[in-house]
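These notes concern the structure reproduced below.
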Amino acid sequence: MTPFTPPTADQLLAIRVNAGIDELAQTERFAHAEADLVEAIVAGVGQFAAGEFAPLNRIGDLEGAKLENGRVRLPQGFEAAYKAYVAQGWNAIASPVAHGGQGLPFILACNVLENLGAANMAFTLLPMLSVGAIEALEHHGSPAQQAMYLPNLVSGKWSGTMNLTEPAAGSDVGALRSTATPIEAGPLAGKYRINGQKIYITWGEHDLAENIIHLVLARLPGAPEGSRGISLFVVPKYHVNADGSLGPRNDLRCVSLEHKLGINASPTCVMSYGDNGECIGELVGAPNKGLAAMFTMMNNARINVGNQGVQIGERATQQALAYAQTRVQSARAGSPDRTPVAIIEHPDVRRMILRMKALTEGARALLYYCAGQVDRGNLGDEAAKTRAELLVPMLKAWGTDVGVEVAGLGIQIHGGMGFVEETGAAQHWRDSRIAPIYEGTNGIQAADLVTRKLGLEGGEALVRLFETIRAEAGGEPALAALAQDCARIARWMRDEASLDDRLAGSVPFCTMAAVAVAGWQLMKQAKAVAAGAAPELAATKPVTVRFFLERIVPEAAGLKAGATAGADLLYALPAAALVG
């Protein structure tokens, strides 16, 4: 596997142009995010990722996490790398200052994860889940819970998880059956006994952090059925004493590890709570309001999963470029010189390379535009908060689709050598394939876009986004036309289409919308580079942007028929006839 080189210049361009970090630095809250500090963080975490996380990517894939006598073991080198990550303070970038964080923009936390994940996606799921746990407790935990758990979560000394899925529930979280029984007397009065099993718990058990803080969804006695009767509990692996020291182990355990297609170094655990009736947790937030509290964590995670599409796209592109420059095969078609050339000289390989670069850079532009809107929303800008809500399903769904496509193209460029494991190209595709599934499948993201998000501000928020893109598209007729089509489809879905029709067209529409936003943001990058920004990208950025606008945007426009076709054809056959 080729070494990882941080794409620092392209990241800084996106952070400045798409996220608008210089504007945020003018605010009191983010005044420390000055240009010199931003550059130092982006360059520094890139170097750290390349030096500490990237060398473990291949060994993590080959050896994986192992469950031995109830303990999860990681390959040699992971513990030292995680300690270095904690020691250098990367986990605390955007966390609250009151609990030991640096209070910098969420934009920079996204950049930390982008670099770490491109270096080692499986390993980076560990800090990624902790970031979400921090946000959930920051917004919904009591002052006592925040004081007890946040400082060590912020530092990375402890890690966090979220526990939603159960064997019989899947994506229907409302079907969960884990229980929480109030303790009414004795020293534990006011706490709860947790009982149940959770599956697909990422980094649910390991020894890299001193404690693991599980956020667990469960039902109180007499709670309403469905999602209205779910509460959230904080359940530590080790009990925490009043002075902050660790007490005995809680009654929870990892039953088994899933054997997966990829991300083998990330232990995906089946967790059992309360086998002996003594798993103790504390209620977070109000009773029966746990799903809303957990969605704070999930929304953060969905942005970070969209980020994973950028991560794996970047790593697969770098690997494919390295291979295409060294693999010599055949003369260039039409050339009088019949000497074999590196495959990067052949037209179709050039097409694939440019597509990989354009898709990855487009997803990165969308990522940082979304992150910038999140930061503005956190400053009280309601329009930006709404804009971020619209962007999250686009980023999660299209960003992860990009990761899968780009990783697949990387295998194609390697040819037969991509299909065998020794080059490492296959790992990128195997790792990429989970991202469209977890934190809400991409179909769920598209459904969210055409239902809840479409209804924001009476349906005008989404239409306004597309109208802004059309107005600013200027001399890019294909982009303007795509934005106009998106606005028309949004109005049709809002005013005329049935719910079935909206859902039937949700995935192609979500792709159209994401490509329109990404193309718009790439257009801004190209204009900035033409004006002198990022001179190191002056040769490459105009070409990748042109490829996106002239090849990828028209492809997305072709999805209009699928977005507006309705659901009738999908149900033309009864299920029995469809199965045959």
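As a basis for the values below, the full set of heavy atoms in this structure was taken, side chains included, without hydrogen atoms, waters or symmetry mates.
Salt-bridge annotation for K357 and E314: absent, with no side-chain N of the basic residue lying under 4.0 Å from a carboxylate O of the acidic one. In this structure, D337 does not pair ionically with R332, as no charged nitrogen and carboxylate oxygen lie closer than 4.0 Å. Comment: E439 does not engage R302 in a salt bridge, judged by the lack of any side-chain N to carboxylate O separation of less than 4.0 angstrom. Between E555 and R355 there is a salt bridge, with a side-chain nitrogen of the basic residue lying less than 4.0 Å from a carboxylate oxygen of the acidic one. A salt bridge does not link E536 with K541: none of the charged nitrogens is closer than 4.0 Å to a carboxylate oxygen.
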Before giving the answer on side chain to side chain donor-acceptor pair (under 3.5 Å), spell out for Y368 and N111 the whole-Å C-alpha distance, their side-chain angles and the decisive distance to 0.1 Å. CA-CA 9 Å; Y368 287 104; N111 182 255; 3.1 Å; yes
Might you work through the side chain to side chain donor-acceptor pair (under 3.5 Å) test for Q308 and N304, ending with a clear yes or no? CA-CA 6 Å; Q308 289 186 317; N304 291 332; over 6 Å; no
Apply side chain to side chain contact (heavy atoms under 4.5 Å, CB included) to residues K66 and L257 and explain how you reach the verdict. CA-CA 8 Å; K66 292 181 171 61; L257 296 183; 5.5 Å; no
For side chain to side chain donor-acceptor pair (under 3.5 Å), just list the numbers for E114 and Q11, CA-CA rounded to whole Å, side-chain angles, deciding distance to a tenth of an Å, and then say yes or no. CA-CA 9 Å; E114 186 197 338; Q11 290 172 343; 3.1 Å; yes
Working note: R16 + E39, criterion salt bridge (Lys or Arg N to Asp or Glu O under 4.0 Å); need CA distance, chi angles, decisive distance, verdict. CA-CA 11 Å; R16 288 173 178 143; E39 290 178 11; 2.4 Å; yes
Give the C-alpha distance, both sets of side-chain angles, the deciding distance and a yes or no for side chain to side chain donor-acceptor pair (under 3.5 Å) between D401 and T511. CA-CA 9 Å; D401 284 345; T511 300; 4.8 Å; no
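In this structure, L522 and L549 have side chains that are not in contact, with every pair of non-hydrogen atoms separated by 4.5 Å or more. In this structure, Y323 and M417 have side chains that are in contact, with non-hydrogen atoms separated by less than 4.5 Å. Side chains of L456 and L462 form no contact here, defined as non-hydrogen atoms less than 4.5 Å apart. Put simply, the side chain of T161 reaches to within 4.5 Å of the side chain of N163, judged on heavy atoms. Residues L449 and M394 have side chains in contact (heavy-atom distance under 4.5 Å, counting atoms from C-beta outward). Between R327 and Q329, the closest side-chain pair of non-hydrogen atoms falls below 4.5 Å. Considering only heavy atoms from C-beta on, I303 stays 4.5 Å or farther from K396 through its side chain. Put simply, the side chain of C486 does not reach to within 4.5 Å of the side chain of L465, judged on heavy atoms.
Between A50 and P55, the closest heavy-atom pair is O-CD, 3.4 Å. A pairwise comparison of heavy atoms in A65 and V72 identifies CB-CG1, 4.1 Å as the closest pair. Contact record, D501 with G566: OD1-CA, 3.3 Å, taken as the closest heavy-atom pair. In plain terms, the two heavy atoms of W398 and A514 that are nearest each other are CB-CB, 3.4 Å. Shown here for L56 and A81, the closest heavy-atom pair between the two residues is CD1-CB, 3.7 Å. Nearest heavy-atom pair, N91 versus Y85, reported as atom, atom and distance to 0.1 Å: OD1-OH, 2.7 Å.
Judged purely by atom type and a 3.5 angstrom limit, S130 has no side-chain atom pairing as donor or acceptor with the backbone of S159. In this structure a side-chain-to-backbone donor-acceptor pair under 3.5 Å is missing from R73 to L67. Within the 3.5 Å criterion, the main-chain N or O of L113 finds a donor-acceptor partner in the side chain of Q311. No donor-acceptor distance shorter than 3.5 angstrom exists from the side chain of E52 to the backbone of F48, with no hydrogens or angles considered. With N115 contributing its side chain and A49 its backbone, the two residues share no donor-acceptor pair below 3.5 Å. Side-chain N or O atoms of S335 include none that pairs as donor or acceptor with a backbone N or O of A331 at under 3.5 Å. Remark: the backbone N or O of C110 is paired with a side-chain donor or acceptor of N307 at under 3.5 angstrom. Remark: side-chain polar atoms of N442 are paired, donor with acceptor, to backbone N or O of A397 under 3.5 angstrom. Under the 3.5 Å distance criterion, the side-chain polar atoms of K198 are left unmatched by any main-chain donor or acceptor of T165. Under the 3.5 Å distance criterion, the side-chain polar atoms of R315 are matched with a main-chain donor or acceptor of A118.
Note: I93 CD1 to L108 CG = 6.5 Å, rounded to the nearest 0.5 Å. Taking OG1 of T360 as the start and CG of L367 as the end, the distance is 12.0 Å to the nearest 0.5 Å. We find the CZ-CG distance between R430 and L261 to be 6.5 Å, quoted to the nearest 0.5 Å.
S266 and W203 share a side-chain donor-acceptor pair at under 3.5 Å. When only modelled atom types and interatomic distance are considered, N300 and E135 share a side-chain donor-acceptor pair under 3.5 Å.
Every residue meeting the side-chain contact (heavy atoms from CB on, under 4.5 Å) condition with E258, not counting sequence neighbours, appears here in chain and number order: Y200, K260, T268, V270.
Of the residues L537, I15, T540, the one that meets the side chain to side chain contact (heavy atoms under 4.5 Å, CB included) test with D10 is L537.
Classification of the F466-F509 ring pair by plane angle, with boundaries at 30° and 60°, yields perpendicular. Using a 30° and 60° split on the angle between ring planes, F123 and F53 fall in the parallel class, below 30°.
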